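What follows is a short report on a single structure.
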Amino acid sequence: MGWRLSHIFRHPIKAHGREELPSVSLTEGHCLPYDRHWAVAHEAATLMPGWNACMNFTRGAKTPALQAIHAQFDEASQHMTLTHPALEPLSFAPADSAGQTAFLDWVRPLMAEGRAQPKRLVTAGRGMTDTDFESVSILNMSSNRALGQRIGQELGLDRWRGNLWLEGLAPWEEFDLIGRELQIGTARLKIAERIGRCRATMVDCTTGKIDVNTLDALEQAYDHTDFGVYASVTRSGVIHAGDTVEFVT
């Protein structure tokens, strides 16, 4: 097939920054470790125990400035460092009440006027993915290039908030993988469904400002607003950027 894993990203706080990883250990039935481990509940949230839908959280679809946050999480020390072009860097411990207060104070100036304000940092005992199952999102570098060519500008990968980026597929070939199982490194993942997209993908993650209407571009060119696919880990293992990708026979 000639496919390979090009990039690995995780998002420790849902919608509040991403970091690139050289490798990661995947566990059957789970998303990337510490991916969407925390989420920011807003003041109008109605939370149930465990997983909750994204409408309960502050996110880039409602507040574009959040898309310009970059994160670095140290698993050993359990400390997070966040950066944003409009703010001083913040280093804090998300599990600590003082750290949570510092984070909320730090992020509050980024919030869009008239939107529900961030109230607390929450966890669910699992990744707070956009799916009710713990998913790993798989995206196609060729699809990103094809859409950028139609729009007339290069589209940064960050705007899609994906986990695994594959190289070597034809544009939109990822949609043909639903129901198939892939081997990456020593892990296996089964493709489950397409990813429907929201306004957060319209934001330039360098500036935190809307720069292109990705949703209209997708709809006009392809009659849908999907980009990428969700997968479940079916066999635990370690994956590295640069690994080959193969079908499981």
Side-chain angles (χ1 to χ4, degrees), residues 6-7 9-11 13-18 31 35-36 39-40 42 44-45 52-70 84-85 107 110-116 118 127-133 135-167 169-178 191-231:
S6 183
H7 300 281
F9 292 96
R10 73 174 172 190
H11 310 74
I13 303 176
K14 183 181 180 74
H16 291 67
R18 85 289 300 168
C31 60
D35 189 51
R36 278 86 172 182
V40 185
H42 55 64
N52 283 268
C54 63
M55 67 183 67
N56 292 287
F57 307 118
T58 58
R59 51 202 175 100
K62 303 294 185 181
T63 301
L66 298 179
Q67 284 282 83
I69 298 175
H70 286 264
H84 188 281
V107 78
L110 301 179
M111 297 305 300
E113 186 176 352
R115 295 292 182 186
M128 202 77 75
T129 54
D130 284 344
T131 52
D132 58 5
F133 64 96
S135 56
V136 175
S137 55
I138 297 180
L139 284 68
N140 181 354
M141 297 284 289
S142 294
S143 299
N144 189 61
R145 285 192 289 269
L147 183 62
Q149 288 166 3
R150 283 189 173 272
I151 292 172
Q153 72 178 64
E154 184 176 344
L155 299 175
L157 304 184
D158 288 352
R159 73 175 67 227
W160 302 108
R161 307 179 312 283
N163 293 133
L164 310 182
W165 282 89
L166 305 188
E167 186 67 276
L169 290 74
W172 314 110
E173 189 175 1
E174 63 273 27
F175 295 151
D176 298 331
L177 303 180
I178 293 173
I191 310 302
E193 61 189 60
R194 291 158 66 142
I195 303 174
R197 291 301 178 168
C198 68
R199 289 176 56 85
T201 64
M202 298 164 60
V203 181
D204 176 2
C205 293
T206 301
T207 64
K209 297 179 180 180
I210 292 174
D211 68 336
V212 65
N213 194 328
T214 48
L215 302 183
D216 279 359
L218 285 167
E219 184 68 48
Q220 292 167 11
Y222 308 108
D223 295 322
H224 63 72
T225 54
D226 301 338
F227 192 95
V229 290
Y230 288 122

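What you see is a predicted model, and the numbers here were worked out from it, not measured in a lab. Note: hydrogens, waters and symmetry copies are ignored here, and every other heavy atom, side chains too, is used. Numbers for residues simply follow the sequence, beginning at 1.
- At a threshold of 4.0 Å, the pair Arg145-Glu167 counts as salt-bridged, since one of the basic side-chain nitrogens sits closer than that to a carboxylate oxygen.
- Arg199 CZ: 12 or fewer foreign heavy atoms inside a 6.0 Å radius.
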Enumerate, atom names and distances included, each donor-acceptor pair closer than 3.5 Å involving a side-chain atom of residues 147-154, sequence neighbours excluded.
from: Arg150; atom 1: NE; to: Tyr222; atom 2: OH; distance (Å): 3.1
from: Gln153; atom 1: NE2; to: Asp211; atom 2: OD2; distance (Å): 3.1

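- With Asn56 contributing its side chain and Ala53 its backbone, the two residues share a donor-acceptor pair below 3.5 Å.
- Side-chain N or O atoms of Thr201 include one that pairs as donor or acceptor with a backbone N or O of Cys198 at under 3.5 Å.
- For the residue pair Ile138 and Ala231, the shortest heavy atom distance occurs at CD1-CB, 3.8 Å.
- The aromatic ring centroids of His16 and Phe57 lie 6.0 Å or more from each other.
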Item checked: Asn140 and Trp165: CA distance, side-chain angles, deciding distance, side-chain contact (heavy atoms from CB on, under 4.5 Å) verdict -> CA-CA 6 Å; Asn140 181 354; Trp165 282 89; 5.8 Å; no
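- Side chain of Thr129 to main chain of Phe133: a donor-acceptor pair is present (N/O by atom type, distance under 3.5 Å, no hydrogens or angles).
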Notebook entry, point to check: Hey, mind stepping through Arg36 and His11 against side chain to side chain donor-acceptor pair (under 3.5 Å) and telling me if it holds?
Noted result: CA-CA 5 Å; Arg36 278 86 172 182; His11 310 74; 3.0 Å; yes
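- Annotation for Pro118 and Met111: closest pair CD-CG, 3.5 Å, computed over non-hydrogen atoms.
- Looking only at side-chain heavy atoms (C-beta outward), Leu169 and Leu177 come within less than 4.5 Å of each other.
- With salt bridges taken as basic N to acidic carboxylate O contacts below 4.0 Å, none links Lys14 and Asp35.
- Note that CZ of Arg10 is 13.0 Å distant from CG of Leu164, once rounded to the nearest 0.5 Å.
- Proximity of Ile195 to Ser137: side-chain heavy atoms (C-beta onward) are separated by under 4.5 Å at one or more points.
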Item checked: Verdict with supporting geometry, Asp226 and Phe175, side-chain contact (heavy atoms from CB on, under 4.5 Å) -> CA-CA 9 Å; Asp226 301 338; Phe175 295 151; 3.9 Å; yes
Note to self: Under the criterion side-chain contact (heavy atoms from CB on, under 4.5 Å), I'd like the reasoning laid out for Asp158 against Phe9: C-alpha separation, chi angles, the key distance, then a yes or no.
What the structure shows: CA-CA 9 Å; Asp158 288 352; Phe9 292 96; 4.0 Å; yes
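- Between Phe227 and Trp160, the ring planes are parallel. Angles under 30° get that label, and only those over 60° would be called perpendicular.
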Margin query: Walk me through whether Ser142 and Glu173 qualify under side chain to side chain donor-acceptor pair (under 3.5 Å).
Written below: CA-CA 9 Å; Ser142 294; Glu173 189 175 1; over 6 Å; no
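- Ile69 and Arg18 get closest at one heavy-atom pair: O-NH1, 2.6 Å.
- Here the side chains of His70 and His84 are not in contact, with every heavy-atom distance at 4.5 Å or above.
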